[in-house]
Each structure stands twice: as structure tokens, then as C-alpha cells.
Amino acid sequence: MLDVYREQLPNAYLLVLSPSNGSGQERQLIRALHRASRTDKPAILLDFSLVDMLSDEAIDLLLAYAFVLHAQGRRLILCYVPPPVRHRFLHLDAASRPLLVPSLLDAMAEINFPARHNPAG
């Protein structure tokens, strides 16, 4: 179970996931991702620092949004991803998975300097 806190940043929409005692984890995540995807921000950041695990349905939802955002030239960036969740994304191609970074600072660097990994391109 989780709660989702939202914040609009200049170049991104930040979602912070936190544990919750209630039900409806996927519904809350769907609502938050839908709202974030309707903005004109080039990236949606998800902070997992307060969460240890996600359901398979929530992971599938993240994969779907990563694919849709990638097709729009936007990014879904996950930070502080727990190892069990991280493992689910590592075997996928770049177009099908969100970008995984260690921290929010790294996520902001990716948004502000996206070409730094490919200086020849």
C-alpha cells in the first residue's frame, strides 16, 4: 500500500511514494501518473526512498507509462528504487523501461543535461 505526494518542479513533475495502511495502491498511482502525464513537463520523477516494494500491477503500470512517455519524447525517471523493483526493469530495452537513477539529484542532472552520456551524439 502506498500514498503518493505530488509536486511540480520547473522541469519535472515529482511523485513521492510512501507506505500507506489503506488499499488501492494501483488506483492512487494511476491517478498520480495520469495527472503528471497531462502536464507539459519533460519528465516525471518517482521517489521510492520511503517504499520497500511494489506490487506486480504497480510495476506493470510504471512500464506502461515509461513506454508512453518515451514515445512522446518525455521520460519517467525512478530514484531510490528498491533492489527487488530495480531487478524487474534491468532486462528491458531502453524504450520499454524507465530511467533508474540513484537519487533525485541524479534525476535532475538527467533532465538538465540529457546529452552528457552521449557526448558524440
Side-chain angles (χ1 to χ4, degrees):
M1 309 307 151
L2 59 92
D3 284 325
V4 181
Y5 300 95
R6 300 173 287 281
E7 182 67 37
Q8 288 200 45
L9 304 173
N11 294 329
Y13 199 101
L14 173 64
L15 302 173
V16 180
L17 308 179
S18 69
S20 168
N21 292 331
S23 62
Q25 171 181 338
E26 291 79 20
R27 185 179 42 186
Q28 290 180 13
L29 186 57
I30 288 169
R31 195 174 305 149
L33 285 168
H34 178 70
R35 179 174 289 152
S37 70
R38 292 183 58 183
T39 68
D40 62 350
K41 305 290 183 182
I44 299 172
L45 311 179
L46 268 80
D47 179 338
F48 286 84
S49 59
L50 302 174
V51 184
D52 293 329
M53 191 57 175
L54 282 180
S55 69
D56 289 338
E57 292 82 10
I59 291 170
D60 289 342
L61 179 66
L62 293 176
L63 289 172
Y65 268 90
F67 183 79
V68 168
L69 290 170
H70 179 62
Q72 297 172 353
R74 299 165 66 197
R75 300 178 95 171
L76 180 62
I77 304 175
L78 311 182
C79 27
Y80 307 111
V81 180
V85 177
R86 176 180 289 274
H87 179 73
R88 291 283 307 270
F89 298 118
L90 293 179
H91 68 282
L92 301 171
D93 63 286
S96 300
R97 71 171 177 229
L99 178 63
L100 306 176
V101 296
S103 69
L104 284 172
L105 187 59
D106 294 305
M108 295 309 294
E110 287 291 335
I111 294 166
N112 294 325
F113 306 105
R116 72 183 175 120
H117 291 296
N118 187 8

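Atom CG of Leu99 and atom CG of Leu69 lie 12.5 Å apart (nearest 0.5 Å). Atom-to-atom distance recorded for Arg86:CZ and Arg97:CZ is 10.5 Å, nearest 0.5 angstrom. Note that CG of Leu76 is 10.5 Å distant from OH of Tyr65, once rounded to the nearest 0.5 Å.
By the 4.5 Å heavy-atom criterion applied to side chains, Val85 and Leu78 are not counted as neighbours. Between Glu110 and Asp106 the shortest side-chain heavy-atom distance does not fall below 4.5 Å. Looking only at side-chain heavy atoms (C-beta outward), Ile111 and Met108 come within less than 4.5 Å of each other. Residues Leu46 and Leu29 meet the side-chain proximity criterion, which asks for heavy atoms closer than 4.5 Å. Between Ile59 and Phe89 the shortest side-chain heavy-atom distance falls below 4.5 Å. A 4.5 Å side-chain heavy-atom check between Pro98 and Leu63 finds at least one atom pair inside the cut-off.
Considering all non-hydrogen atoms of both residues, Pro10 and Lys41 come closest at O-NZ, 3.4 Å. In this structure, Ala107 and Ile77 approach most closely via the heavy-atom pair CB-CG2, 3.7 Å. When all heavy atoms are compared, the tightest approach of Arg88 to Asp60 is NH2-OD1, 3.6 Å. The minimum heavy-atom distance linking Phe48 with Leu54 is given by the pair CE2-CD1, 3.1 Å.
Residues Arg74 and Asp40 are not paired through a salt bridge, judged by the lack of any N-O separation under 4.0 Å between the basic side chain and the carboxylate.
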Report task. Assess whether side chain to side chain contact (heavy atoms under 4.5 Å, CB included) is satisfied between Ile44 and Arg35, documenting all intermediate values. Result -> CA-CA 10 Å; Ile44 299 172; Arg35 179 174 289 152; over 6 Å; no
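Transitive grouping of hydrophobic side chains (ILVMFWY, heavy atoms separated by less than 4.5 Å) keeps Leu45 and Val68 in distinct clusters.
No more than 12 heavy atoms of other residues, nucleotides or ligands shown are found within 6.0 angstrom of CG on Leu105.
Remark: of the listed residues Leu50, Leu17, Leu104, Leu104 is the sole one forming a side chain to side chain contact (heavy atoms under 4.5 Å, CB included) with Tyr80.
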